[in-house]
Amino acid sequence: MRSVSRWSGAVAGSAALVSAGIVSGEQALVAAAAIPLGFVLFGALSGTTPAERAVRVERTVRPEAPMPGERVEVTLRVTNATEQSLPDVRIVDGVPDPLQVIDGSPRAGFALRPGETETVAYSVTARRGEYAFDPPTVRTRNASATRYDSASVRVAGVARLTCEVGVDDVPLHEQTTGFTGQLPTDTGGPGVEFYATREYRSGDPPSRIDWRHLAKSGSLTTIDYRRQQAARIVVVLDARSECDIAPVAGAPSGVDLGVYAAARLVGTLANADHQVGVAAVEDGGSTPDIAWVDPSSGPELRARAERLFSEVIETPGAERSVADGSGVTRTARGAGSDALAELRKRLSGDTQILFVSPFVDDYPADVTRTLSAHGHAVTVVSPGVTTDDSPGKRIATLERDVRLASIRDTGVPVIDWHPNAPLATALADALEGMQ
């Protein structure tokens with residue numbers, strides 16, 4: 001508990017009036033000294049409850065598992081836990097540093113009657129990762145403002161914000177490997193779904209003989225089921241500094257959104273038993289470099305991929321800018337760059353490519369055309385980081401739209417994902433359009 005010397009002037013005034021009254025013999029002056037003395041007594045008798053015992057705080061977050069760039073509403077309910085009024089309560093919530101407050105304020109002040117509850121509400125923009133809130137700081141003052149107490153108060157409810165995105169389906173081409181998986185093909189063989197019947201061949205397993213047809217006709221036939229094979233897919237993430245721009249200050253950048261999308265794609269494809277690899281195109285001197293995870297499956301793949309994504313997010317890049325058309329390099333680095341040549345060496349002929357890039361310059365368009373021209377089935381997933389609320393931003397948006405349209409014209413499927421919509425919805429729409 002701290003005290004503030006607030007009424008020292010009143011003490012001096014009382015002493016002066018009393019002294020003047022005694023010297024002059026005026027009783028009115030002595031009586032007037034009681035007025036400032038009353039303020040002194042009021043301050044001395046006013047007390048306050050320690051902050052950690054004065055209030056109860058509960059925090060709620062909606063939604064609790066947002067997608068990157070989504071608006072998150074944070075609410076604090078502050079309740080007077082004492083049986084006396086609290087004339088001055090001030091609170092500041094412990095917002096994680098990486099999260100920017102975009103509306104409202106985590107700070108508030110109010111008076112509370114016994115048992116009364118006040119609400120503090122503000123909004124932040126979600127970013128990839130898990131973020132822990134610090135305990136809110138509460139300060140209580142007495143009615144005379146001569147004493148106050150500050151403390152970090154334990155909070156009930158949500159203490160962490162986890163930002164994840166689920167993916168329901170991933171559109172794949174029919175380019176597969178010889179491994180069994182969950183991608184249906186147009187060939188018959190072992191499987192689950194009926195495909196066709198054919199004449200019996202020596203060595204066909206008895207389980208695939210059509211015994212009902214044998215009973216009716218006396219001839220042996222074999223049932224073929226639709227074969228399901230695994231695809232070999234490499235998720236290529238464009239993590240260059242050119243992509244580290246955001247639609248507005250404080251929002252996730254193209255790299256943040258790209259890592260989110262790539263991580264969910266890897267997880268979904270691995271769950272479907274596909275052979276999945278990861279490549280991240282990063283800055284490296286005069287040309288981009290490649291960070292690589294060999295195609296595989298299982299827990300080891302997930303661990304290696306997560307390490308790569310974490311390194312991409314944690315690697316310090318250039319100062320983040322807003323996608324207003326002023327800080328974007330629109331000149332391609334060239335489809336013949338060392339990074340692209342290295343990537344092509346690592347890709348086998350039957351490898352599909354899921355290319356994740358915000359397409360803020362010409363480089364990803366050249367990469368897409370080159371990979372497609374060399375026989376790889378490419379699908380583009382492009383998180384949007386441009387808006388249209390200023391002339392510069394409208395120009396940046398138009399240029400991105402032109403790049404994506406040029407890729408579509410070559411027959412490459414493009415998933416244009418805007419962060420205000422679920423990634424799963426964008427993927428489902430793309431899959432419907434491909435069927």
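Basis for what follows: all heavy atoms, side chains included, without hydrogens, waters or symmetry-related copies. Start at 1 with the first residue, then count along the sequence.
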| field | Flag side-chain contact, heavy atom, 4.5 Å: Val266 against Phe309 | value | yes
| query | So do the side chains of Leu347 and Leu371 get within less than 4.5 Å of each other, counting heavy atoms only? | reply | yes
| Which one of Leu404, Leu398, Val402 satisfies the side chain to side chain contact (heavy atoms under 4.5 Å, CB included) criterion with Arg400? | Leu404
| remark: Closest non-hydrogen contact found for Leu161 with Glu64 is CD1-O, 3.8 Å
| query | side chain to side chain donor-acceptor pair (under 3.5 Å) with Tyr122: which residues, sequence neighbours excluded? | reply | Asp93
| message | When you compare the side chains of Arg369 and Ser406, does any donor N or O come within less than 3.5 Å of an acceptor on the partner? | response | yes
| Under 3.5 Å, is there a donor-acceptor pair between the side chain of Asp366 and the main chain of Thr370? | no
| NZ/NE/NH1/NH2 to OD/OE distance under 4.0 Å, Arg71 and Glu73 | yes
| Quick one: does Thr268's side chain have a donor or acceptor within less than 3.5 Å of a partner on Leu265's backbone? | no
| request: Work out which heavy atom in Ala270 is nearest to a heavy atom in Val276; give both atom names and the distance. | output: N-CG2, 3.9 Å
| said: A side-chain contact here means heavy atoms from C-beta on lying under 4.5 Å apart; do Thr125 and Leu99 qualify? | reply: no
| field | Any donor-acceptor pair under 3.5 Å from Thr117 side chain to Arg77 backbone | value | no
| request: Would you please name every residue forming a side chain to side chain donor-acceptor pair (under 3.5 Å) with Asp401, sequence neighbours left out? | output: none
| query | Where is the tightest heavy-atom contact between Ser296 and Leu301, given as atom of each residue plus distance? | reply | O-CD2, 3.3 Å
| field | Shortest non-hydrogen separation from Pro383 to Gly258 and the atoms involved | value | CG-N, 4.2 Å
| message | Tell me whether Thr368 contacts the main-chain N or O of Pro364 through its side chain, where contact means a donor paired with an acceptor under 3.5 Å. | response | yes
| Tyr363 versus Leu340, closest heavy-atom pair with distance | OH-N, 4.4 Å
| said: Does this structure show an ion pair linking Arg302 with Glu300, if we count only N-O contacts that are shorter than 4.0 Å? | reply: no
| request: Would you check if Ile233 and Ile353 make a side-chain contact, meaning some heavy-atom pair closer than 4.5 Å? | output: no
| said: Are there over 12 heavy-atom neighbours, none belonging to Glu83, within less than 6.0 Å of that residue's CD? | reply: no
| request: Take Leu237 and Val235, measure what side chain to side chain contact (heavy atoms under 4.5 Å, CB included) needs, and give me the verdict at the end. | output: CA-CA 6 Å; Leu237 170 65; Val235 178; 5.6 Å; no
| Val155 side chain near Pro135 side chain, heavy-atom distance below 4.5 Å | no
| request: Check step by step if side chain to side chain contact (heavy atoms under 4.5 Å, CB included) holds for Glu52 and Asp149. | output: CA-CA 9 Å; Glu52 64 269 19; Asp149 184 64; 3.7 Å; yes
| message | Can you tell me how far apart CD (Glu399) and CZ (Arg394) are? Round to the nearest 0.5 Å. | response | 13.5 Å
| query | Looking only at heavy atoms, which two atoms of Val72 and Ala126 are closest? And how far apart? | reply | CG2-CB, 3.8 Å
| message | Any heavy-atom pair between the side chains of Val367 and Phe355 that's under 4.5 Å? | response | yes
| query | Roughly how far, to the nearest 0.5 Å, is NE2 of His418 from CG of Leu257? | reply | 11.5 Å
| query | Regarding Ser123 and Asp103, is there a side-chain donor-to-acceptor distance under 3.5 Å anywhere? | reply | no
| query | Should Glu116 and Thr79 be marked as a side chain to side chain contact (heavy atoms under 4.5 Å, CB included) after you check the CA-CA gap, both sets of side-chain angles, and the distance that decides it? | reply | CA-CA 6 Å; Glu116 186 180 8; Thr79 302; over 6 Å; no
| task | Drop me the distance from Asp362's CG to Glu242's CD, to the nearest 0.5 angstrom. | result | 11.0 Å
| CZ/Arg408: more than 12 non-hydrogen atoms of other groups inside 6.0 Å | yes
| Do Arg403 and Ile407 have side chains that get closer than 4.5 Å, going by heavy atoms? | no
| message | Could you check whether Arg307 pairs with Glu311 (Lys NZ or Arg NE/NH1/NH2 to Asp/Glu carboxylate O, under 4.0 Å)? | response | no
| message | Would you say Ser253 and Asp244 are linked by a side-chain donor-acceptor pair, where the criterion is simply a distance under 3.5 Å? | response | yes
| task | State whether the side chain of Asp238 and the backbone N or O of Val356 hold a donor-acceptor pair below 3.5 Å, judged by distance alone. | result | no
| task | Check for a donor-acceptor pair, side chain of His376 on one end and backbone N or O of Thr351 on the other, with a separation under 3.5 Å. | result | yes
| query | Is the closest side-chain heavy-atom distance between Tyr131 and Thr162 below 4.5 Å? | reply | no
| Please walk me through it: do Leu76 and Arg59 pass side chain to side chain contact (heavy atoms under 4.5 Å, CB included)? | CA-CA 5 Å; Leu76 294 181; Arg59 183 190 295 114; 3.6 Å; yes
| task | Using a strict 4.0 Å threshold on nitrogen-to-oxygen distance, state whether Asp88 and Arg139 make a salt bridge. | result | no
| request: Could you tell me whether Asp97 atom CG has more than 12 heavy atoms of other residues or ligands within 6.0 Å of it? | output: no
| field | Flag, side chain of Ser85 to backbone of Pro87, donor-acceptor distance under 3.5 Å | value | no
| request: Using a strict cut-off of less than 4.0 Å between a Lys/Arg side-chain nitrogen and an Asp/Glu carboxylate oxygen, indicate whether Arg346 and Glu342 qualify as a salt bridge. | output: yes
| Charged N-O contact under 4.0 Å between Arg240 and Asp361 | yes
| query | Does the side chain of His274 come under 3.5 Å of the side chain of Arg232 through a donor N or O and an acceptor N or O? | reply | no
| said: Counting only heavy atoms not in Arg304 (residues, nucleotides, ligands), do more than 12 fall under 6.0 Å from its CZ? | reply: yes
